[in-house]
Amino acid sequence: MPKLRHFVAILFACLVISPLMSAQRIVSQISGNYDTFGMDLNPVTNKIYVTSEIEHNLVVIDGNTNQIVANVPIGHGGMWPTVDSVHNKIYVPNATDNTVTVVDGATLATRTVSVGSAPRMAGVNPVTNKIYVANADDNSVTVIDGNTLLPTTVAVGEGPLAVAVNSTTNKIYIGNQRFNGPSSVTVIDGATNTTTTVNLPFAAYFYSGRNSLVVNEATNQIYALWAVGVYGIDGATNQVYLAAQWFSRCVNYMVLNPVTNHIYAADCGYVDDIDLSSLQMNQIGTVAENDFISLDTVKNRIYTLDTFSYLFTAIDLNSNTQTVIQTGVDTEDDIVTNSNTNTTYFGAFFGADSGTEVVAGATPMQFVSLTPCRVLDTRGAGGPLQGGSTTIVPVNSHLCNIPASATAFSLNVTLVPAGGPVGYLTIWPTDQLQPTVSTMNSPDGRIKANAAIVGAGTLNNVSIYVSNTTNVLLDIDGYFVPTGTPSALAFYPMTPCRVIDTRGGDGDLGGPYLSGGHTRSFPVTESSCIPPAANAQGYSFNFTAVPHGGPMSYLTVWPQGQTMPVVSTLNNYTATTVANAAIVPSGQQGGISVYPSADTDLVVDINGYFAPPQTGGLSLYGMEPCRVLDTRQGNGAFQGLLRVAVLDADCRMPFAAQAYVFNATVVPQAPLGYLTLWPDGQQQPEASTLNATDGSITSNMAIVPTGAGYIDAYASALTQLILDVSSYFAP
């Protein structure tokens, strides 16, 4: 008997994933042709401030939209900006003009204060509202009264470059770097402006700005970066001690976590972890040629940049796991992290352009299954959705037991055109911008369904846009919540495997064909596809209806042993081979039940299952839809085997991804029997991803495990192939 290959008549459908389901991923490239020098942020207002050496301005980025909202003129030679979040002021030393530009964060109005020669770095005491500016060339610090902006000059050591403030003790520490002898730290009493000099045994690396001299206010200890280690200074006695000695000699940046009392430093391909309580040091993580480092104190993660290989690395210090992202850009200068939003910003070159790259923090999600439940049916009161309009749907307003903690929904979207074609339907989280993708299409006006995972918007609402007037049905079969939520399930991917085929001989998972109007249950766990100890509580299936004499209005699937729900899984009014993906909870003895409205054969392939978290379990991470492959723009149509390098695509996928969620689209040159996708390095499975036996453009969703960032594709006939990735599963 010939192998069945699936056919899906959804034209260029896309799985829409909400940015609220953010993964550790590049979410934005903020281009403005500004050469980034330094940056700082205000976590209260969620504004990011970037100095531009070329434009001589301060670029203001709104962290809520990741858009540039203003370019504020500053002086020449703008250095590292310093934010006072208490008073919402930004201070920018201008090394060429010998000034400091003071920016009002609310109005963006500016004032200029004259300071000493070559100001490099400023520090703020928000309690006293005093600003301290290190003037590198005249061995002085300018103290600015934040209320009046009147300056006072204080003499310090040779080559002042770094500033650290202890607002609790009202002491200010100035790092003085001597290039022909030992460096020193000048301690300024904030109440009297009197000074004390603390000599260091060797030259310190204070040129790295705010990262080379840090204070832990809770312990009243000060830490200075030097050639092969860190010096500690006791704030009570000013005594100097060796806090740590590096494994190498190329440390330029360090960061202090005052909550855990650890210092982390970028160290020539490693990250050094210094426990300041015990003064013990270990190497964690492996990051080639890392220079810059930042910290998320809330999630206890550190982020580093490899400026040579264009890599961004996130290290979770709670789990000791590491995620590496190919940035695809030349990383430059500064890096900062907003712990409130778990978002990191760093300077970058985008080809001939320059600006800021934005990395969203990792928020892994796991699944909670539901008996399929109808959320929306516009065929009743209210009528169809009007073409060219957007409708807001409150997903949790229906009696489907959807909690407010849901971050995403697993939906089945059914399009019932109102007498004509529907160009496209798009569904996305309410209060976010409409994405430039479609969830499904019906250019010939046929009824069709498509699965979609959609992020939860404000009040758990989703928005639906239809290009033409149509009825829409929304059925939910589960939802995602943050990892760690009780009863949430991890995902266990599988190479596609055939579980049910009613076209074969009679049996529990075989023939005969399904009789219209009758329910049949299948003991799924009898399949050799399901690992014996899987404890699966939900299945990721691909259902294919093969006509058995005529059209079928709908087919419904639900957990065995429960009452048949008022939902549909797929529709086949045109009596063609139709497939659709669905997540189905497991029922009695792990089984599922199926009801067809008319006679049909049924083929079911599995690509993964959901079960309680344990070793090997994965979480879902969302991302902006990204095109991994388009053979129309490359080597052209192919037939036979094609190896696809997913990580080599410009989608900035993390190396930790173990399975991709694709939207696969074929553009056949002639009738295409089947297309199969599977993990690279394994044998081609006896399953298919989609079919286009009538030669039409056909799409289907596919969850495909990866072999070291590669997948394999096999086409039985000449076709173009388009692969869009919309999310991925990772630890």
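Note on D601 versus R503: no salt bridge recorded, every NZ/NE/NH1/NH2 to OD/OE distance being 4.0 Å or above.
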Take R643 and D680 through the test side chain to side chain contact (heavy atoms under 4.5 Å, CB included) and record every step on the way to the result. CA-CA 7 Å; R643 190 170 185 241; D680 181 57; 3.0 Å; yes
Checking S568 against T556 for the side-chain hydrogen bond (donor to acceptor under 3.5 Å, both in side chains) test, could you report, in this order, the C-alpha distance in whole Å, the side-chain angles of both residues, the deciding distance, and whether it holds? CA-CA 5 Å; S568 62; T556 298; 5.8 Å; no
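The CD1 atom of I703 lies 10.5 Å from the CG atom of L618; values are rounded to the nearest 0.5 Å.
A side chain to side chain contact (heavy atoms under 4.5 Å, CB included) with P384 holds for exactly one of V416, N471, T470; it is N471. Among D475, N580, N450, D477, the one residue that satisfies the side chain to side chain donor-acceptor pair (under 3.5 Å) test with N412 is N580.
S463 and T390 form no side-chain donor-acceptor contact under 3.5 Å, judged by distance and modelled atom types alone. Checked by atom type, the side-chain pair T631/Q720 shows a donor-acceptor distance below 3.5 Å.
The main-chain N or O of T469 is never found under 3.5 Å from a side-chain atom of Q386 such that the two would form a donor-acceptor pair. Judged by distance alone, with hydrogens and angles left aside, the side-chain atoms of Q366 form no donor-acceptor pair with the main-chain N or O of S619 at under 3.5 Å.
Here F610 and F367 bring their ring centres to under 6.0 angstrom of each other. A distance below 6.0 Å separates the ring centres of Y609 and Y492. Taking the six-membered ring for Trp and the full ring otherwise, Y424 and Y465 have centroids separated by under 6.0 Å. Taking the centre of each ring, F729 and F491 come in below the 6.0 Å mark.
Relative orientation of the F662 and Y660 rings is tilted, given thresholds of 30° and 60° on the angle between their planes.
Contact between S688 and N542 at its shortest, heavy atoms only, is O-ND2, 4.3 Å. Of all the heavy atoms in G445 and P417, the pair that sits closest is O-CG, 3.5 Å. The two residues T414 and I447 come nearest to each other via the heavy atoms CG2-CG2, 4.1 Å.
For the side chain to side chain donor-acceptor pair (under 3.5 Å) condition, the pairs that include at least one residue of residues 508-532, sequence neighbours left out, are S521-S593.
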